[in-house]
Asks: 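One structure is given below, represented as structure tokens, and several questions about it will come after.
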Amino acid sequence: MPHSPLPLAQMDLALADTRPKRVTLSPGAMLLRGFALPEASELISALHDIAKNAPFRTMMTPGGGKMSVGMTNCGALGWVTDRRGYRYTPTDPLNNQAWPPLPPAWQKLATRSAEAAGFKGFHPNACLINRYEPGTRMALHQDKDEGDFSQPIVSVSLGLPISFLWGGLKRSTSPHAILLEHGDVLVWGGKARLHYHGVKPLADGLHPVTGQVRFNLTFRFVAPTD
Ligand code: MD3
Ligand code: FE
């Protein structure tokens with residue numbers, strides 16, 4: 001067979017990617033590689049619209065440190081942190097208005113992702129949107145402000161790749177690093193729901209859709225408190 005004189009095109013690279021599309025990291029934790037790829041560009045344009053009304057901001061931890069990751073929210077409830085603590089609020093503290101609504105396409109993606117990982121009937125009411133610029137990171141933590149751990153969390157990675165850190169149920173368990181790329185979806189439920197996790201500092205790069213940025217969407221079901 002004559003060899004091609006042309007360099008590998010993007011499609012050839014996709015065909016050459018023999019990594020499994022669905023990977024169970026631990027019971028309840030599943031990586032769906034490229035699951036959101038078909039709609040990734042639409043997700044990013046909707047995200048820019050959301051950020052016009054609820055801009056990205058760096059929040060203060062209760063301990064007084066400034067988080068490096070820019071954050072905003074959409075949905076009935078949004079995650080915030082300040083000197084008073086971590087919590088979910090129905091309004092954006094920057095303008096006291098409701099957070100922008102969860103776009104129906106986002107809701108559907110979250111439900112479909114959870115179902116693909118074995119969690120039927122996931123209907124999130126909160127979506128935290130994280131924006132990483134080179135050098136920003138997220139320290140090892142648990143997500144435990146939702147008041148309902150029976151529901152999974154769905155996360156969607158967009159833009160530059162990052163090294164995700166996947167730990168255990170105790171902070172002392174040393175985490176594994178997993179590469180997360182544009183369009184990858186992770187689902188965490190059951191036993192995996194309260195595992196420690198974080199991300200390494202974002203490396204410099206230029207992504208064709210997002211530029212020098214990584215976005216992460218995390219869909220959650222938060223138990224209403226009133
Ligand atoms: C495992 N975000 O927003 S997403 C977060 O890439 C957060 O922005 C990271 O951790 C990011 O809280 C990681 C993957 C993720 C999200 C939630 C989880 C993993 C999780 C909840 C429980 C266990
Ligand atoms: Fe988290």
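Ligands are counted one by one from 1 in listed order, and the atoms in each one are counted from 1 as well. For clarity, every value in this text was computed on a predicted model and none was experimentally measured.
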Asks: Need the ligand 1 atom indices (1-based, order shown) with element for anything under 4.0 Å from a heavy-atom of Ile153.
Replies: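 Matching atoms, with element in brackets: 17 (C), 21 (C).
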Asks: Where's the contact between Arg214 and ligand 1, heavy-atom distance under 4.0 Å: side chain, backbone, both or neither?
Replies: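 Side chain only.
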Asks: When rounded to the nearest 0.5 angstrom, what distance separates CG in Leu206 from CD in Gln212?
Replies: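 Separation between the atoms: 6.0 Å.
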Asks: Which protein heavy atom lies closest to atom 15 (C) of ligand 1, and at what distance to 0.1 Å?
Replies: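 For this ligand atom, the closest protein heavy atom is Trp188 NE1, 3.2 Å.
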Asks: So does His176 have more than 12 non-hydrogen atoms from other groups sitting under 6.0 Å from NE2?
Replies: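 No, the 6.0 Å shell around NE2 holds no more than 12 heavy atoms from other groups.
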Asks: List the atom of Ser113, the atom of Val187, and the distance in Å for their closest heavy-atom pair.
Replies: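 Shortest heavy-atom separation between Ser113 and Val187 comes out as O-CG2, 3.7 Å.
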Asks: In terms of side-chain geometry, is the basic nitrogen of Asp82 or Arg87 positioned less than 4.0 Å from the acidic oxygen of its partner?
Replies: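 Yes, charged N to carboxylate O under 4.0 Å.
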Asks: Which heavy atom of the protein is the closest neighbour of atom 13 (C) of ligand 1, given with residue, atom name and distance?
Replies: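 Among all protein heavy atoms, the one nearest atom 13 (C) of ligand 1 is Phe164 CE1, 3.8 Å.
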Asks: How long is the span from the OG1 atom in Thr89 to the CG atom in Asn73, to the nearest 0.5 Å?
Replies: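 Between Thr89 OG1 and Asn73 CG, I get 7.0 Å after rounding to 0.5 Å.
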Asks: Return yes when atom CD of Gln142 has more than 12 non-hydrogen atoms of other residues, nucleotides or ligands closer than 6.0 Å, and no otherwise.
Replies: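 For Gln142, atom CD is crowded (more than 12 foreign heavy atoms under 6.0 Å).
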Asks: Would you mind naming the N, O or S atom of Asp143 nearest to the Fe ion (ligand 2)?
Replies: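 Sorting the N, O and S atoms of Asp143 by distance to the Fe ion (ligand 2) puts OD1 first.
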Asks: Could you tell me which atoms of ligand 1, counted from 1 in the order shown, lie closer than 4.0 angstrom to a heavy atom of Val199?
Replies: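 Heavy-atom distances to Val199 below 4.0 Å select 6 (O).
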Asks: Should Arg19 and Glu181 count as an ion pair when the cut-off is N to O under 4.0 Å?
Replies: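 Between Glu181 and Arg19 there is a salt bridge, with a charged N closer than 4.0 Å to a carboxylate O.
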Asks: Would you please classify the geometry between the His48 ring and the Phe215 ring as parallel, tilted or perpendicular, with 30° and 60° separating the classes?
Replies: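 Rings of Phe215 and His48: perpendicular, over 60°.
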Asks: For His207 and His182, take the angle between the two ring planes, folded into 0 to 90°, and tell me which bin it lands in: parallel under 30, tilted 30 to 60, perpendicular over 60.
Replies: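 His207 vs His182 ring planes: tilted.
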Asks: Starting from atom 22 (C) of ligand 1, find the nearest protein heavy-atom neighbour and note its residue, name and distance.
Replies: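 So the nearest neighbour among protein heavy atoms is Arg193 O, 3.1 Å.
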Asks: Please state which part of Ala192 comes within less than 4.0 Å of ligand 1, counting heavy atoms only: side chain, backbone, both or neither.
Replies: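 Just the backbone.
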Asks: Would you kindly specify which portion of Arg220 sits under 4.0 Å from ligand 1, judged on non-hydrogen atoms: side chain, backbone, both or neither?
Replies: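 Under 4.0 Å from ligand 1, Arg220 contributes side-chain atoms alone.
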Asks: How close does the nearest protein non-hydrogen atom get to atom 23 (C) of ligand 1, and which residue and atom is it?
Replies: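 Protein heavy atom with the smallest distance to atom 23 (C) of ligand 1: His197 ND1, 3.5 Å.
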Asks: Keeping the roles fixed (side chain from Asn216, backbone from Val156), state whether a donor-acceptor pair exists under 3.5 Å.
Replies: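 Confirmed, Asn216 side chain pairs with Val156 backbone.
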Asks: Would you mind checking which non-hydrogen protein atom is closest to atom 3 (O) of ligand 1, with the distance to 0.1 Å?
Replies: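 Sorting protein heavy atoms by distance from atom 3 (O) of ligand 1 puts Asn130 ND2, 3.0 Å first.
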Asks: Strictly under 4.0 Å, does any heavy atom of Trp166 approach an atom of ligand 1?
Replies: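 A heavy atom of Trp166 does come that close to ligand 1.
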Asks: Do we get Arg214 above Tyr132's six-membered ring, with its NZ or CZ under 6.0 Å from the centre and within 45° of the axis?
Replies: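 Yes, Arg214 and Tyr132 form such a contact.
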Asks: Side chain, backbone, both or neither: which applies to Leu128 and ligand 1 if a contact is any heavy-atom pair less than 4.0 Å apart?
Replies: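 Side chain only.
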Asks: Using a 4.0 Å cut-off to any heavy atom of Ser155, which atoms of ligand 1 qualify?
Replies: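 It comes down to these atoms of ligand 1: 4 (S), 14 (C).
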Asks: Closest non-hydrogen protein atom to atom 7 (C) of ligand 1, residue and atom name please, with distance?
Replies: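 Heavy-atom neighbour on the protein nearest atom 7 (C) of ligand 1: Met138 SD, 3.5 Å.
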Asks: Note the single closest protein heavy atom to atom 11 (C) of ligand 1, along with its residue, its atom name and the distance in Å.
Replies: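 Result: Tyr132 OH, 3.0 Å.
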Asks: Do any N/O atoms on Asp143 end up under 3.5 angstrom from N/O atoms on ligand 1?
Replies: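 The answer is yes, given that Asp143 and ligand 1 share an N or O pair closer than 3.5 Å.
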